[in-house]
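All ligand and atom numbering here is 1-based and tracks the order in the structure. Please read all numbers here as calculations on a predicted model, not as lab measurements.
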Amino acid sequence: MTATPDTLGPEDLRTLFLFESLDPGQLDWLSARGRTESRAAGTNVFTEGEEATCFFVLLSGTISMRRRVEGTEVEISRTSQRGVYSGATQAFMPSEERSRYLNSVLAVTDAEFWVIDADEYGREIRTWFPMAMHMLEGLTIGMRSSQLIVGQRERLLSLGRLSAGLTHELNNPAAAAVRATAALRERVSRMRRKLAHLASSSVDPQALVALTDLQESAVEQMVKAEKLSPMAVSDAEDALSDWLDDHAVAGAWDLAPTLVAAGVNVDLLDEISDTMPPDLLSDGIHWVAYALDTEQLMNEIEDSTTRISTLVGAAKQYSQLDRATAQDVDLRDGLVSTLVMLGHKIKEAGVVLVKDLDPDLPRVPAYPAELNQVWTNLIDNAIGAMPGGGTLTVRTTREESCVLVEIGDTGAGVPQQLQTKIFEPFFTTKPVGEGTGLGLDISYRVITQRHGGDLRVVSEPGDTRFQVRLPLTDPGAGR
Ligand SMILES: Nc1ncnc2c1ncn2[C@@H]1O[C@H](COP(=O)(O)OP(=O)(O)O)[C@@H](O)[C@H]1O
Ligand SMILES: [Mg+2]
C-alpha cells in the first residue's frame with residue numbers, strides 16, 4: 001500500500017467528474033482548502049441529523065448510503081464509484097441555520113475521501129455560479145411543493161377510485177337483499193293464507209303431516225339440485241307444466257319455473273298426488289312451491305349479506321384502521337383485500353384474475369396500509385395496461401431471504417428504454433388528467449425506503465411482471 005497525500009492537486013481534482021469543467025483558479029482554490037481522509041471498514045463517515053459540516057467526495061472503497069425510517073436504518077444505495085459525493089450537499093443553499101446531514105454514510109470497506117469544509121465551500125460556489133444557484137434553489141423549492149401537492153392528489157385519486165368501486169360493489173348485494181326481503185314478506189303472507197285454507201278444510205291430518213315431510217325433502221333436494229343448461233330448464237318446465245295442467249293445478253306457468261329451479265321433477269309431483277286428496281292437490285303443490293320459493297329467497301338474502309360483510313371486512317383490512325405500525329404481516333391478506341376492492345374494475349375491464357398465493361408464505365415485518373397502496377398502484381397499472389382484456393396474475397413466492405410478490409399482466413409491456421424512467425416521479429404515458437405519474441414513484445419509495453425491499457419490472461410484450469421483494473427480517477434490526 002502506498003501512503004496517500006493529505007490533499008489532492010488540481011490535476012487530480014479535475015479527474016473527479018464533479019470538478020472536470022472548473023478552471024485552473026477554481027481547482028487551485030479547492031486543492032488548497034480540501035484534504036483527504038480515510039475511514040476504516042465498518043465506521044460511519046457521517047451521521048444523519050448531525051450538523052452538516054463537511055462535503056465528501058469518494059476516492060476509493062465502497063460506501064453505503066442510509067436513511068433512518070421510523071427508528072430503523074435503511075440502505076438507500078451502495079456504491080464504489082469514484083467521484084460520487086455526499087454530506088453537506090445543500091451547503092450552497094442560503095439558510096438561517098446550519099443544515100444537517102440528510103442521511104448517513106457507512107464505509108463498507110476501507111475508504112478514502114476528498115473532504116472540504118461545508119461553509120467555505122458553499123459560499124465559494126455561490127460566487128462561482130450565481131445564476132445556476134438561483135435556478136437550483138427555485139427548482140428544489142418548486143419540486144418539493146409540487147411533489148407534496150401531487151402526492152396528496154394521487155392518494156386522494158386512488159382513494160376515490162376505490163370508494164367508487166366499493167360503493168358500486170356494495171350497492172348490488174344491498175339492493176338484492178332488499179328485493180328478496182320484500183318478496184319473502186309477500187310469499188310468507190300468502191303461505192299463511194294457504195295454511196289457514198288447508199287447515200280449515202276437512203283434510204286428513206295424516207295427509208298434512210305427509211305434505212310437511214314432502215316439503216322438507218323438497219327443500220333438501222333443492223340444495224343438491226344441479227344447475228341445468230337453459231335448454232334442459234325449458235324442457236323440464238314444459239314437462240312439469242303438462243303434468244300440472246293434466247292434474248288441474250292452477251297457475252302452472254307460474255309454478256313450473258320455481259319447481260324446476262328447486263330440482264323438482266315429475267316423480268316428486270306423483271308422490272304429492274299420491275298423498276293428497278284430488279281436491280286439495282292444487283293447494284298442496286302450491287304449499288310445497290311456497291316453501292321452495294321462500295327457501296330460495298332466504299338463500300339470496302344470505303348470499304348478499306355475506307357478500308356485504310366480506311366487502312366491509314376487506315375495506316377494513318385495506319384501510320388498516322386499527323393497525324398502522326410495523327408488524328409481522330401476512331402479505332396475502334393485503335393482496336386479497338386489495339383484489340376485492342378492485343374487483344369491480346377487474347370485471348369491468350374484462351380481465352381474468354389468476355391468484356397464485358403460496359399457502360406457506362412466511363410473515364414479513366411491514367407497514368400493511370402502505371403496502372396496500374403499492375398493491376393498488378401496481379394492480380391498477382396492470383389493469384390499465386390491458387385495455388382489450390387479458391390476464392392479471394398475482395403471485396407470492398418465498399425466496400431465500402425474502403418474499404417475492406409479482407403482479408403480472410399480458411399487456412403490451414414496458415419498452416426497454418423506459419424501464420427505469422417509469423419509476424421517476426411524474427413520468428406517465430397516460431392522457432392528462434388520467435395519470436399522475438406518481439404511482440410507481442410512491443410504490444418504489446414505500447418498498448425500498450420504508451421496507452428495505454426492492455421493486456423492479458421485468459417486461460416483454462404479453463408478459464410484464466412488477467416484482468416486489470420484501471426482506472424476511474427487519475432490515476434495521478441488529479444494526
Ligand atoms: N403494467 C404496466 N404495463 C405497461 N406499462 C406500465 C405498467 N405499469 C406502469 N406502466 C407505465 O409506467 C408509467 C408510470 O406509471 P405510474 O407511476 O403508476 O403512473 P400513471 O399510472 O399515473 O401513469 C405509466 O404511465 C405506464 O406508461
Ligand atoms: Mg399508476
Q | Met298, CE: over 12 other non-hydrogen atoms inside 6.0 angstrom | A | yes
Q) Can you list the ligand 1 atoms lying under 4.0 Å from a non-hydrogen atom of Thr429? A) 24 (C), 25 (O), 26 (C), 27 (O)
Q) Relative to the heavy atoms of Val414, which atoms of ligand 1 are at a distance of less than 4.0 Å? A) 4 (C), 5 (N), 6 (C)
Q) Salt-bridged, Glu75 to Arg66, with N to O below 4.0 Å? A) yes
Q: Could you tell me whether Asp441 and Arg445 make a salt bridge, using a distance below 4.0 angstrom between a side-chain N and a carboxylate O?
A: yes
Q) For Lys430 and ligand 1, does the shortest N/O to N/O distance drop below 3.5 Å? A) yes
Q. Given that the side chain starts at C-beta and the backbone is N, CA, C, O, which of these parts of Thr428 lies under 4.0 Å from ligand 1, counting heavy atoms, or is it both or neither?
A. both
**Q.** Whether Phe56 and Phe113 hold their rings parallel, tilted or perpendicular, with breakpoints at 30° and 60°
**A.** perpendicular
Report yes or no: does [X] have a heavy atom closer than 4.0 Å to ligand 1?
| X | value |
| --- | --- |
| Gly413 | yes |
| Asn377 | no |
| Phe466 | yes |

Q.
Please state which option from Leu392, Asn381, Ile379 has its nearest heavy atom closest to atom 18 (O) of ligand 1.
A. Asn381
Q: Begin with the C-alpha distance, continue with both residues' side-chain angles, and end with the deciding distance and a verdict on side-chain contact (heavy atoms from CB on, under 4.5 Å) for Lys345 and Asp380.
A: CA-CA 9 Å; Lys345 202 161 183 187; Asp380 188 61; 2.7 Å; yes
**Q.** N, O or S atom of Asn381 closer to the Mg ion (ligand 2) than 2.8 Å
**A.** yes
Q: Dump the intermediate steps for side-chain contact (heavy atoms from CB on, under 4.5 Å) on Leu13 and Leu18, then the final yes or no.
A: CA-CA 9 Å; Leu13 283 173; Leu18 191 58; over 6 Å; no
